[in-house]
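Please read the structure below before turning to the comments.
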Amino acid sequence: LLDIGTGSGILSVAALKLGAESAVGTDLDPCAVTAAEENMEVNGIAPDRYTVMLGNLIDDRELQEKVGYGKYEMVAANILAEVLVPLAPAAAAALKDGGVCITSGILSGKEELVAQALKDAGLRDKFGGATPAETVKAMLLPGEIAELSRAVERLSGFRQNTIREIKNGSGRAGTRT
């Protein structure tokens, strides 16, 4: 997993807890490095499974080289559309053939803008022709987190208290951004 704009590292924590082999997070904020590393520790994730890098993946060629090209099965970015649009080429370049790019943080009315940027970067729709607005409508709302937790528990045997650890890091995760 490549977690662009990792912040607290919550997307990486969830992916690693759900079976991802490794994760790389990038962020512009130096506080994100500490926050993500603390949250990995709180959630029992070995340091060799997670790396966080400081820098701007949009235009920092050195960071792009460190992150790598064509090596991630999944790229996730929970960032505003105004950042996702210029980020699309770097996100697409990091993906393996057949990889999946998951974007969120997109405000209503900006879906088409992001979808076009991702398409222009060479990514294709894996939702069977769903429009960006239809895809956004399918996203979880905050009130649906408990339902998601129950579904994950049923499908994977993932314990409810582990999901609580991911959500609040036993008091630390998500407290820093």
Side-chain angles (χ1 to χ4, degrees), residues 1-18 20-43 45 47 49-96 99-123 126 132 135-136 138-142 145 148 163 165-169 172-177:
L1 169 76
L2 174 60
D3 179 4
I4 303 171
T6 195
S8 67
I10 191 66
L11 297 177
S12 293
V13 168
L16 292 164
K17 287 278 200 175
L18 291 170
E21 185 177 313
S22 64
V24 172
T26 67
D27 207 291
L28 297 171
D29 185 350
C31 293
V33 175
T34 304
E37 288 172 350
E38 286 178 0
N39 289 329
M40 294 300 156
E41 182 181 341
V42 165
N43 282 282
I45 295 169
R49 294 184 63 208
Y50 184 74
T51 302
V52 63
M53 299 178 193
L54 189 62
N56 187 342
L57 200 58
I58 294 170
D59 59 11
D60 183 338
R61 299 286 179 224
E62 185 178 332
L63 180 61
Q64 292 170 359
E65 293 290 329
K66 284 182 187 175
V67 165
Y69 301 102
K71 74 184 248 186
Y72 298 93
E73 293 178 28
M74 183 179 297
V75 172
N78 181 21
I79 308 173
L80 293 172
E82 291 75 14
V83 178
L84 287 170
V85 169
L87 183 63
L95 276 173
K96 285 182 176 179
V100 176
C101 182
I102 300 172
T103 58
S104 60
I106 305 164
L107 298 177
S108 181
K110 303 277 185 165
E111 305 94 348
E112 294 290 340
L113 180 69
V114 173
Q116 188 60 53
L118 293 170
K119 184 178 178 183
D120 291 347
L123 299 179
K126 288 195 170 197
T135 302
V136 168
M139 293 175 138
L140 292 173
L141 300 173
I145 295 295
L148 172 64
I163 290 171
E165 287 176 12
I166 290 172
K167 281 176 53 182
N168 68 22
R172 287 199 280 177
T175 58
R176 297 182 182 178
T177 55

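Predicted, not measured: the structure shown is a model, and the values here were computed from it. Sequential numbering from 1 along the given sequence is applied to the chain's residues.
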For the [atom1] atom of [X] and the [atom2] atom of [Y], what is their distance to the nearest 0.5 Å?
X	Y	atom1	atom2	value
K96	L2	NZ	CG	13.0 Å
L54	K66	CG	NZ	9.0 Å
L11	M74	CG	CE	10.5 Å
D3	T26	CG	OG1	7.5 Å
S22	I45	OG	CD1	11.5 Å
L63	I58	CG	CD1	11.0 Å

Minimal non-hydrogen separation, [X] against [Y], with atom names:
X	Y	answer
G7	A35	O-CB, 4.3 Å
V83	P86	O-CD, 3.2 Å
A91	C101	CB-SG, 4.4 Å
N39	S8	ND2-O, 2.8 Å
V24	Y72	CG2-OH, 3.6 Å
I106	A81	CG2-CB, 4.5 Å

Is the shortest heavy-atom distance from the side chain of [X] to the side chain of [Y] under 4.5 Å?
X	Y	answer
N43	Y50	no
Q116	K119	yes
M40	L16	yes
L57	L87	yes
V75	I4	yes

Side-chain (R49) to main-chain (A23) donor-acceptor, under 3.5 angstrom: no

Test item: E111 side-chain N/O and G109 main-chain N/O as donor-acceptor pair under 3.5 Å: yes

Crowding at CD, E73 (>12 non-hydrogen neighbours, <6.0 Å): no

Modelled atom types, side-chain donor and acceptor of T6 and D27, under 3.5 Å: no

Any side-chain donor near an acceptor of the partner, D60 and Q64, under 3.5 Å: no

